Amino acid sequence: MPELPEVEVTRLTLAERLRGARVEAVRMGKPLRWPLGCAPEALLGTWVGLMGRRGKYLWMPLEGPAPACTARGGLLIHLGMSGSLGLCDAPTQAGPHDHFELATTRGTLRLTDPRRFGAVVWSEALDVDPAARLLSNLGPEPFDPALTPRSLHQALRRRRTHIKAALLAGDLVVGAGNIYVSEALFQAGIDPRARCDRLSLARCEKLLRAVRETLSRAIALGGSTLRDFRDAHGMSGAFQQEAAVYGRAGQACARCGGVVRRIVQGQRATYFCSGCQRR
DNA sequence: ATGGGTACCTGTCTGC
DNA sequence: TGCAGACAGGTACCCA
């Protein structure tokens with residue numbers, strides 16, 4: 001589920017509300033993708049710092065109580081395919097898919113994740129394992145000014161796969177998952193089967209612009225809710241209503257009137273318009 | 001080094 | 001109605 005826009009919307013709705021909260025209780029449900037990596041009790045009494053984001057990972061800094069400072073570090077949180085974070089004021093009964101809960105002085109933070117591909121991992125810092133290892137293969141942030149059409153073009157020249165797989169891999173630019181890669185390629189007029197090393201600099205420029213516009217538009221709309229994504233207030237996103245190709249196989253392309261196609265690339269569905277998108 | 005396939009897990013939808 | 005099978009927004013890991 002959650003791609004960069006959904007993770008960013010989650011961060012935006014949580015960061016200020018949780019900042020300065022004190023952790024009062026921790027509850028674990030079924031195992032997630034990786035173990036927490038510390039005793040849950042070690043989090044008790046810590047203070048929540050300002051939440052950050054790297055790619056699709058959230059970083060919640062936790063500081064130990066002064067002057068002892070027993071715990072210092074944070075939680076690296078990934079929402080996997082089906083995860084979402086909610087913050088509720090009054091404690092409510094945990095559901096069958098609530099697998100991590102942090103009761104704080106500012107409410108209870110709860111990770112709900114039916115498929116359990118998500119993770120909550122303790123790390124002393126972002127540049128120390130396990131966080132450093134998990135983040136080590138991530139490419140630049142999409143809005144990083146250091147990422148330019150030229151640098152993208154250079155990186156793509158060394159690849160022989162199709163552009164869809166390369167963007168999804170997340171080492172050229174992080175954040176665009178299956179939905180937004182399809183949408184960005186449509187916006188850029190590039191066929192998802194196009195070979196990376198054949199894309200001109202001009203098309204890389206269009207592509208980078210399309211990735212940035214697609215992601216920022218999705219953030220502004222509160223993300224996409226295909227099945228179950230909710231932000232921390234329980235609100236659905238609205239981006240999926242204006243998706244041009246994703247999930248629209250067989251429908252008419254709004255731009256050229258051709259038929260939107262669905263193919264499978266690397267075990268993942270890809271949607272595109274063969275009229276608008278060229279190799 | 002790169003690229004392709006697999007695994008992780010559960011809910012929902014489709015077609016017989 | 002029941003059931004089997006396909007499919008779903010991610011990504012680490014293994015192997016060629």
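Chain letters run A, B, ... following the sequence lines, proteins first and then strands; every chain starts at 1. Computed from a predicted model, the values in this text were never measured in an experiment.
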Quiz item: Minimum heavy-atom separation for Pro2(A) to Gly80(A), with atom names?
Solution: CD-O, 2.9 Å
Quiz item: Any ion pair linking Glu183(A) and Arg217(A) (charged N to carboxylate O, less than 4.0 Å)?
Solution: no
Quiz prompt | Distance test, side-chain N/O of His78(A) to OP1/OP2 of dG10(C), below 4.0 Å | solution = no
Quiz item: Would you say the side-chain atoms of Arg110(A) and Thr92(A) include a donor-acceptor pair closer than 3.5 Å?
Solution: yes
Quiz item: Of all the base pairs, Watson-Crick or G-U under 3.5 Å, which form stems of three or more consecutive pairs involving DNA chain B?
Solution: B:2-8 with C:10-16, B:10-16 with C:2-8
Self-check item: Ring-on-base stacking dC8(B) with Phe117(A) (under 5.5 Å, under 30°)
Solution: yes
Practice problem: Using a 4.0 Å heavy-atom cut-off across all strands, classify Arg158(A) as base, sugar-phosphate, or nothing. | Solution: nothing
Quiz item: side-chain contact (heavy atoms from CB on, under 4.5 Å) with Met60(A): which of Leu14(A), Leu102(A), Val120(A)?
Solution: Leu102(A)
Quiz item: Taking for each residue the nucleotide of DNA chain B with the nearest heavy atom, is it Arg115(A) or Thr161(A) whose nucleotide lies nearer the 5' end?
Solution: Thr161(A)
Exercise. Using only heavy-atom distances, determine whether the side chains of Gln265(A) and Thr270(A) contain a donor-acceptor pair under 3.5 Å.
Key: yes
Practice problem: Considering only Ile, Leu, Val, Met, Phe, Trp and Tyr, and joining two whenever side-chain heavy atoms are under 4.5 Å apart, list the other residues clustered with Leu126(A). | Solution: Trp34(A), Tyr57(A), Trp59(A), Leu76(A), Val121(A), Leu134(A), Leu135(A), Leu138(A), Val174(A)
Quiz item: If you look at every strand shown and take non-hydrogen atoms under 4.0 Å, does Gly266(A) touch a base, only sugar-phosphate, or nothing?
Solution: nothing
Quiz item: Side chain of Pro114(A): nearest nucleotide among dG10(C), dG3(B), dG11(B)?
Solution: dG11(B)
Practice problem: Please check the phosphate of dT10(B) (OP1 and OP2 only) for any side-chain N or O of Lys30(A) closer than 4.0 Å. | Solution: yes
Quiz item: Do any side-chain nitrogens or oxygens of Arg262(A) fall under 4.0 Å of OP1 or OP2 in dA8(C)?
Solution: yes
Quiz item: Could Arg54(A) and Glu141(A) be called an ion pair, given the rule that one side-chain N must be under 4.0 Å from one carboxylate O?
Solution: yes
Quiz item: At under 4.0 Å, does any side-chain N or O of His97(A) touch on OP1 or OP2 of dG11(B)?
Solution: yes
Quiz item: Looking only at atom P, what distance separates dG9(C) and dT14(B), rounded to whole Å?
Solution: 16 Å
Practice problem: Looking at every strand, decide which applies to Ala269(A) at a 4.0 Å heavy-atom threshold: base, sugar-phosphate, or nothing. | Solution: sugar-phosphate
Quiz item: So, does the side chain of Arg116(A) form a donor-acceptor pair with the base of dC9(B) at under 3.5 Å?
Solution: no
Exercise. Respond yes when some side-chain nitrogen or oxygen of Arg268(A) is under 4.0 Å from OP1 or OP2 of dC7(C), and no when none is.
Key: no
Quiz prompt | OP1 or OP2 of dA12(C) under 4.0 Å from side-chain N/O of Tyr57(A) | solution = yes
Quiz item: Phosphate oxygens OP1/OP2 of dT6(B): is one of them under 4.0 Å from a side-chain N or O of Gln267(A)?
Solution: yes
Practice problem: Could you give the distance separating dA6(C) and dT6(B) at their P atoms, to the nearest angstrom? | Solution: 14 Å
